[in-house]
There are 2 protein chains.
Amino acid sequence: MAGEDAVGEGAAPPRIVEIARLAGVSPITVSRALRQPEKVAEAKRRRILEIVERTGYATNPHARALRSGQSNIVAAFVSNLQSEQFCLAVQGCGEVLEPQGYQLMIGQTSYSYAKETTMIQSLREMRPAAVMFTGVIEIEENRRALRALGIPIMETWAYPRDPIDMLVGFSNIDSGRLAAEHFAARGHRRVAFIGRRSGRGALRLTGFREGARAAGLDIVAELSVDGVSSMVDGRRALGDLLSRNAQIEAVFCANDLLATGALLEARRLGMRLPDDIAILGFGHNDIAEELPPGLTTIGIDSRDLGRQAGSMILQRMRGGMPSEPIRAVELTLARRGSS
Amino acid sequence: MAGEDAVGEGAAPPRIVEIARLAGVSPITVSRALRQPEKVAEAKRRRILEIVERTGYATNPHARALRSGQSNIVAAFVSNLQSEQFCLAVQGCGEVLEPQGYQLMIGQTSYSYAKETTMIQSLREMRPAAVMFTGVIEIEENRRALRALGIPIMETWAYPRDPIDMLVGFSNIDSGRLAAEHFAARGHRRVAFIGRRSGRGALRLTGFREGARAAGLDIVAELSVDGVSSMVDGRRALGDLLSRNAQIEAVFCANDLLATGALLEARRLGMRLPDDIAILGFGHNDIAEELPPGLTTIGIDSRDLGRQAGSMILQRMRGGMPSEPIRAVELTLARRGSS
DNA sequence: TTGTACGCGTTATCAG
DNA sequence: CTGATAACGCGTACAA
């Protein structure tokens, strides 16, 4: 309790030389006992590990990184920490990497190109072993800067032609097509879109347009939403939509938050789903399943995406190259009561 | 594309000696120009910073941490990454620390004591500059281990008598009392509780019992929920409650996820809120505001909690000690249609 | 299988 | 205000 100096002033942790001294071996043997156990004689190794255990010795990661040039930190950037799906992907990635001794450092880019640039500068300083994004990097300058880091880079959540290094994604354009096809199959003709006009939202809209054209649907409105979209935006957008055009039969929202807002607004106005209006979201959000009458939503298995990304990163960090540096995960439509 | 070795093999970043050489000074002067600019002559400093800028030099954090004993990593552990409020707190903390050059490393404890212990071991290895938890550490052994790290430790989200080092919290017991008082004020008598029987849930129940006794309410049921509680648990719990006792007038749910589930179930059963049943949650979740008729919820400003925690941590890392190492944030009740 | 010698890149210390 | 020197703790390279 009452230490020499002050509250919180702990004893200096033991160093490798101390363990070596206690075990009667040289420091390098301790190092080997921990990193390459098979290269140390059984008896010695056991004695060393016992002492390590007893003293609570832990390798200093800074010294290690400095000497070996290998950090055990993997940086993960989410576009938005509030997103259940992004967090799931990061968790999946962590599940794979942490048992292997890597630590995930999580940052947020907030869908902002400015932040993305700042973040890349901070990566230069941090020198992680690898980087993962829940998204793709679009600015060519940032792509170059990332490539120049010389470490494995994982992009996700989209399906560009030329990822920086590795990719586990899906086609946002396909998701829009899928939405249009679903509406067509359900017999809707006059449809609308609510979403952002940049990034993934734009791609989903592109696909939706293509699918609509192919299926002979009329896109009677495209509402754009700025910044990080929220439920309130969804409510408002649906309100706008209905006030200007009473003939809309179905709405595709670029994400489930918007769709949830739209669904709630529709219910508030006393509309019956899907008869008065059908609503389709994107993202497989938990909440989507629960809200009566249940939001139909297109999406992927985000945790699995994260796991795949993690194992590919791991492979690259170990010097290998995944046979498939670009992988696609499957899009599924979970049909509920709203469509 | 086709580098010497493999994709992603970037050029080695410049080191401090290189900058020193270009500027015609010694390495230590470069170091000072970056860390203690006021100690370097104006002209020299400008020249050095210009070169740093031009070359994209970034200090190697491992070498720095090794030599100075000061890491720029702050570890933040959330009980559950899926929690909007915990993430908000972590974001708030990051907002304060990141501009000062610190990096947040985020981990998850999953409400599991086993994981908590593992995590503390990994802290020994990581050697962060400080640690923050969205929660308090209860196991005495873990508390000791954390104290032994000799770094600033921040606990949050509760209000124990003896935090390990620093605390920004609120009384979970008070939140339960507040709930009971609210029900009493609204004229309800027969009330119930849904929540976990450990950790914060238990405290909220304790306060709820006290408040109920003081106000003369009858707690006619206490339903316990295991593990990480979900909306489905809330639905089921409300169903259970109603099937065994039709006389319940109001339910306090230990968190908004449970409350949301309960609210949805009540609506599904055609009950009117708050007349047939009043529902009160905890956590100020976004969704709570939107779901008709709007969930009444008790809670705090989590982002602000995080910011306060961040600035206290900062103060401690700089060698100071906050005048108030234990702070309380205010609990508020946001009244909506459900009560 | 084990050990010796050295260096990773930076900053503390102290002298100028 | 600036620089020389050494040291942080570990792991690589090589030798035994």
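Chain identifiers are assigned alphabetically (A, B, ...) following the order of the sequence lines, protein sequences preceding nucleic acid strands; residue numbering begins at 1 within each chain.
Proximity of Arg45(B) to Pro37(B): side-chain heavy atoms (C-beta onward) are separated by under 4.5 Å at one or more points. In this structure, the side chains of Arg316(B) and Met321(B) come closer than 4.5 Å at one or more pairs of heavy atoms. Side chains of Ile153(A) and Ile151(A) form a contact here, defined as non-hydrogen atoms less than 4.5 Å apart. At a threshold of 4.5 Å between non-hydrogen side-chain atoms, the residues Ile106(A) and Leu104(B) do not count as touching.
Among residues two or more places apart in sequence or in another chain, the side chain to side chain donor-acceptor pair (under 3.5 Å) test is passed with Ser302(A) by Gln85(A). For Glu324(A), there are no side chain to side chain donor-acceptor pair (under 3.5 Å) partners two or more places apart in sequence or in a different chain. Residues forming a side chain to side chain contact (heavy atoms under 4.5 Å, CB included) with Glu50(B) (at least two apart in sequence, or on another chain): Arg54(B). Partners of Arg124(B) under the side chain to side chain contact (heavy atoms under 4.5 Å, CB included) rule, at least two apart in sequence or in another chain, are Ala58(A), Gln121(B), Leu149(B).
Extent of DNA chain D lying under 4.0 Å from chain A heavy atoms, first and last nucleotide in 5' to 3' order, is dG9(D) to dT12(D). Between chain B and DNA chain C, the heavy-atom contact criterion of under 4.0 Å yields a 5' to 3' nucleotide range of dG9(C) to dA12(C).
Proximity of a side-chain donor or acceptor of Gln82(B) to a complementary backbone N or O of Cys87(A) within less than 3.5 Å is not detected. The main-chain N or O of Ser79(B) is found under 3.5 Å from a side-chain atom of Thr134(B) such that the two form a donor-acceptor pair. Under the 3.5 Å distance criterion, the side-chain polar atoms of Thr29(B) are left unmatched by any main-chain donor or acceptor of Val25(B).
One finds no salt bridge joining Glu141(A) and Arg144(A) here, because no Lys/Arg side-chain nitrogen approaches an Asp/Glu carboxylate oxygen to under 4.0 Å.
Contacts between residues 23-33 of chain A and DNA chain D, counted as heavy-atom distances below 4.0 Å, involve Ile28(A), Ser31(A). Of the residues in residues 39-56 of chain B, those lying under 4.0 Å from DNA chain D by heavy-atom distance are Lys39(B), Val40(B), Ala41(B), Lys44(B). A heavy atom closer than 4.0 Å to some atom of DNA chain D occurs in Leu66(B), Arg67(B), these being the qualifying members of residues 64-71 of chain B.
Arg143(B) approaches Ile137(B) most closely through the heavy-atom pair NH1-O, 3.1 Å.
Summarising the local packing, CZ of Arg15(B) is surrounded by 12 or fewer heavy atoms from other residues, nucleotides or ligands at distances under 6.0 Å. Other residues, nucleotides and ligands contribute more than 12 heavy atoms inside 6.0 Å of the CD atom of Glu140(A).
Within the structure, ring-ring contact (aromatic ring centres under 6.0 Å, His included) contacts touching residues 40-61 of chain B (residues at least two apart or in different chains) do not occur. For residues 75-100 of chain A, the ring-ring contact (aromatic ring centres under 6.0 Å, His included) pairs, not counting sequence neighbours, are Phe77(A)-Phe133(A), Phe86(A)-Trp157(A).
Rounded to 10 degrees, the angle separating the terminal helix axes of the helix from dT1(C)-dA16(D) to dG16(C)-dC1(D), each built from five base pairs, is 30°.
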